[in-house]
Q: 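There's a structure below that I have some questions on.
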Amino acid sequence: MSLITPRTPPGTMELLPRRQVAFQRMLDTIRRGYERFGFVPVETPVFETVETLLTKSGGETEKQVYFVQSTGAIQQGHKPELALRFDLTVPLARYVAEHERDLAFPFRRYQIQRVYRGERAQRGRFREFYQCDIDVIGKDSLSLHYDAEIPAVIYHVFRELDVGGFTINVNNRKVLLGLLDGLGIAGAERCVLVLREIDKLDKIGRDKVRDALTGDTLAVPAAVADRILNLIAEEMSNDDTLAALRAMGIDNPTFAQGVEELATVVCGLKDFQVPDGAVRINLAIARGLDYYTGTVYETFLNDHKGIGSVCSGGRYDNLASHYTKSTLPGVGISIGATRLFWQLMEAGLIREDTATAQVLVTQMDPDLRADYFRLAADLRAAGLNTEIQLEGGKLARQMKYADKTGIPVVVLMGSEERARGTATVKHLTRGEQVEVALGDLAPTIARMLAG
């Protein structure tokens, strides 16, 4: 029988154990941050009905769907009835509409699960990846204070992730839509296409965006395109940006509403104790998906802008219009955890973490096997993650195992230590070693780990 060559499917991230621990701890940090603000967990099936999944409009995402089909259904020639979710927003819409009567509004949910898209396989682009979403869904209405709370949560999460400086970019699509209308760019579809081009500024640069705006398809007058791009390019404080917008003399109710909503969010972030330096009004942020109707967000790492946005989202007027007659406005944001982790690894900002075990109890003497098991049980009872080296053997091999798997502390006890009622504790990375009484073993290890 010929062997199948083992290979990871393209477009997936598969990690060795110590990096997997680091990734899991990133997810745990995000989860803790979401729960600290009172968000509750939700999980939905990995697949949805095709009818449910393909109702969302905007963007190219729906062209990247993976359909699910059983072998029996394939043999019978049936069309797929199920498809893998490509984001967590559509499942949320279905979930809220289905369970509307049982939920308390505003409904504050977080969801950390994998999603699937048929991306073209290339380095750093994934077909299977984790998204970490938070959303607040209202019934009939939803205060703008939630538009400020969402980036405040992200500020606290990214501080705990400790990935260096970052900036949360904030805008409001009403500002841009009203500005376009006020400058004579008519037609809803045309305005949406203009917004999509503006949203590419950070990716393709001003000249290419200007060419797209003034080209035959969009036909934005050159003077108007320059006025828009000049406004966007100005780097001012948030207060100065708001003042400049108000001073433009744009007589358009959508524009005026957008400016005041933007001001409310910026003011609300101050109330949430988010420093001004962490938030920037960026008029180029439009978000490519058409269902965003107001506030929009993009988050960038200050020292690694080439990574691109690591967290994005915004406000939408009616989340579940395809599934219920109720009006369910919401606001949310998503961290693309797999892409973020991969990019941080590439930039050298992620180090391999220690193992889940904090302590390895070695076996130096087969006759003391019961003592070793008792030591391990006592350490676990004291709250220390403890592994016991079940096979024993040469001590050098046991120490090498601890080092390779990333277990920082080992416990050694031979017959002489047993007679004295002591054990030796060694911190492998620091080289610190001490012999302590068995009764002091757990607190000594805890101090070593804390140091």
Side-chain angles (χ1 to χ4, degrees), residues 13-33 35-36 112 130 157 159-164 337 341 344-345 348-451:
M13 184 177 75
E14 189 172 74
L15 303 169
L16 290 173
R18 292 180 66 172
R19 285 194 170 179
Q20 186 65 47
V21 171
F23 181 62
Q24 188 58 52
R25 286 180 175 158
M26 170 187 277
L27 296 183
D28 290 343
T29 298
I30 295 170
R31 182 180 293 106
R32 281 198 308 272
E35 290 185 355
R36 190 166 294 131
I112 299 177
Y130 272 94
V157 166
R159 270 204 322 177
E160 288 202 24
L161 287 175
D162 195 24
V163 292
F341 188 82
L344 292 176
M345 281 198 306
L349 298 178
I350 292 289
R351 293 177 295 179
E352 290 186 347
D353 217 319
T354 56
T356 54
Q358 300 166 293
V359 188
L360 176 70
V361 176
T362 62
Q363 291 205 54
M364 298 177 64
D365 185 341
D367 293 335
L368 300 180
R369 181 182 178 88
D371 294 281
Y372 298 137
F373 275 75
R374 190 178 304 111
L375 280 181
D378 290 344
L379 293 175
R380 293 187 193 109
L384 296 167
N385 296 349
T386 304
E387 179 180 344
I388 187 168
Q389 189 29 272
L390 295 173
E391 295 179 346
K394 292 182 179 180
L395 183 60
R397 186 183 64 80
Q398 298 181 57
M399 300 290 278
K400 184 178 180 180
Y401 170 82
D403 182 61
K404 189 170 184 178
T405 56
I407 302 175
V409 173
V410 295
V411 174
L412 307 101
M413 186 178 72
S415 56
E416 293 182 5
E417 287 95 345
R418 175 69 181 85
R420 292 193 296 268
T422 65
T424 297
V425 182
K426 184 172 183 178
H427 197 295
L428 295 183
T429 55
R430 296 204 298 267
E432 180 183 353
Q433 181 172 314
V434 61
E435 184 175 344
V436 298
L438 295 180
D440 296 329
L441 190 59
T444 299
I445 293 173
R447 284 194 296 271
M448 275 189 172
L449 292 169

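Any value given below was found using the heavy atoms of this structure, including those in side chains, with hydrogens, waters and symmetry copies removed. Quick caveat: nothing in here was measured; it's all calculated off a predicted structure.
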Q: For R159, which residues count as a salt bridge (Lys or Arg N to Asp or Glu O under 4.0 Å) partner, sequence neighbours excluded?
A: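 Salt bridge (Lys or Arg N to Asp or Glu O under 4.0 Å) check on R159 returns nothing, list empty.
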
Q: Short question: side chain of Q433, backbone of K426 - any donor-acceptor pair under 3.5 Å?
A: no

Q: So does G393 get a backbone contact from the side chain of Q363, meaning a donor-acceptor N/O pair under 3.5 Å?
A: no

Q: Measure the CG-CG distance between L379 and L441 for me, rounded to the nearest 0.5 Å.
A: 5.0 Å

Q: Could you go through L15 and M345, starting from their C-alpha distance and side-chain angles, then the distance that decides it, and tell me whether this counts as side chain to side chain contact (heavy atoms under 4.5 Å, CB included)?
A: CA-CA 11 Å; L15 303 169; M345 281 198 306; 4.0 Å; yes

Q: Applying salt bridge (Lys or Arg N to Asp or Glu O under 4.0 Å), can you list everything that pairs with R36, at least two apart in sequence or on another chain?
A: E160

Q: Check residues 364-373 and write down every donor-acceptor pair under 3.5 Å in which the side-chain atom is one partner and the other belongs to a residue at least two apart or another chain.
A:
unit_1	atom_1	unit_2	atom_2	d
D365	OD1	D367	N	2.9
D371	OD1	R374	NH1	3.1
D371	OD1	R418	NE	2.8
D371	OD1	R418	NH2	3.4
Y372	OH	M364	N	3.1
Y372	OH	D365	N	3.0
Y372	OH	M413	O	2.5

Q: L349 and V163: which non-hydrogen atoms are nearest, and at how many Å?
A: CD1-O, 4.5 Å

Q: How far does CD of Q389 sit from CE of M399, to the nearest 0.5 angstrom?
A: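 Between Q389 CD and M399 CE, I get 11.5 Å after rounding to 0.5 Å.
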
Q: Quick one: closest heavy-atom pair of T29 and V157, and the distance?
A: CG2-O, 4.4 Å

Q: Residues two or more places apart in sequence or in another chain: which of them pass salt bridge (Lys or Arg N to Asp or Glu O under 4.0 Å) with R25?
A: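 Only D353 meet the salt bridge (Lys or Arg N to Asp or Glu O under 4.0 Å) criterion with R25.
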
Q: Going by side chain to side chain donor-acceptor pair (under 3.5 Å), E435 matches just one of T422, T424, T444. Which one?
A: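 Of T422, T424, T444, side chain to side chain donor-acceptor pair (under 3.5 Å) with E435 is met by T422 alone.
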
Q: Please give me the minimum heavy-atom distance between A423 and L438, naming the atom from each residue.
A: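 Closest pair (atom of A423, atom of L438, distance): CB-CD2, 3.8 Å.
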
Q: In Å and rounded to the nearest 0.5 Å, what is the CG to OG1 distance from L375 to T386?
A: 9.5 Å

Q: Partners of F23 by ring-ring contact (aromatic ring centres under 6.0 Å, His included), sequence neighbours excluded?
A: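 With neighbours one apart ignored, the set is Y130, F341.
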
Q: Would you mind listing every salt bridge (charged side-chain N to carboxylate O under 4.0 Å, His left out) that reaches into residues 377-403, with sequence neighbours excluded?
A: none

Q: How about L16: does its CG atom have over 12 heavy atoms from other parts shown lying under 6.0 Å from it?
A: no

Q: Testing the basics here: between T429 and H427, what is the closest heavy-atom pair and its distance to 0.1 Å?
A: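 Between these two residues, the closest heavy atoms are OG1-CE1, 2.7 Å.
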
Q: When you measure from the side chain of R430 to the backbone of M448, do you find a donor-acceptor pair of N or O atoms at a distance under 3.5 Å?
A: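 Yes; judged by distance alone, with no hydrogens or angles, the pair exists.
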
Q: Looking at every non-hydrogen atom in both residues, tell me the closest pair between A402 and V410 and how far apart they are.
A: CB-CG1, 3.7 Å

Q: Report the residue from L360, V359, L449 that forms a side-chain contact (heavy atoms from CB on, under 4.5 Å) with P408.
A: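 Considering L360, V359, L449, a side-chain contact (heavy atoms from CB on, under 4.5 Å) with P408 is found only for L449.
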
Q: Starting at CD1 of I350, measure out to CE of M26 and round the result to the nearest 0.5 Å.
A: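 Between atom CD1 of I350 and atom CE of M26 there are 4.5 Å.
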
Q: If you take all heavy atoms of A337 and L27, which pair is closest and at what distance?
A: CB-CD2, 3.8 Å

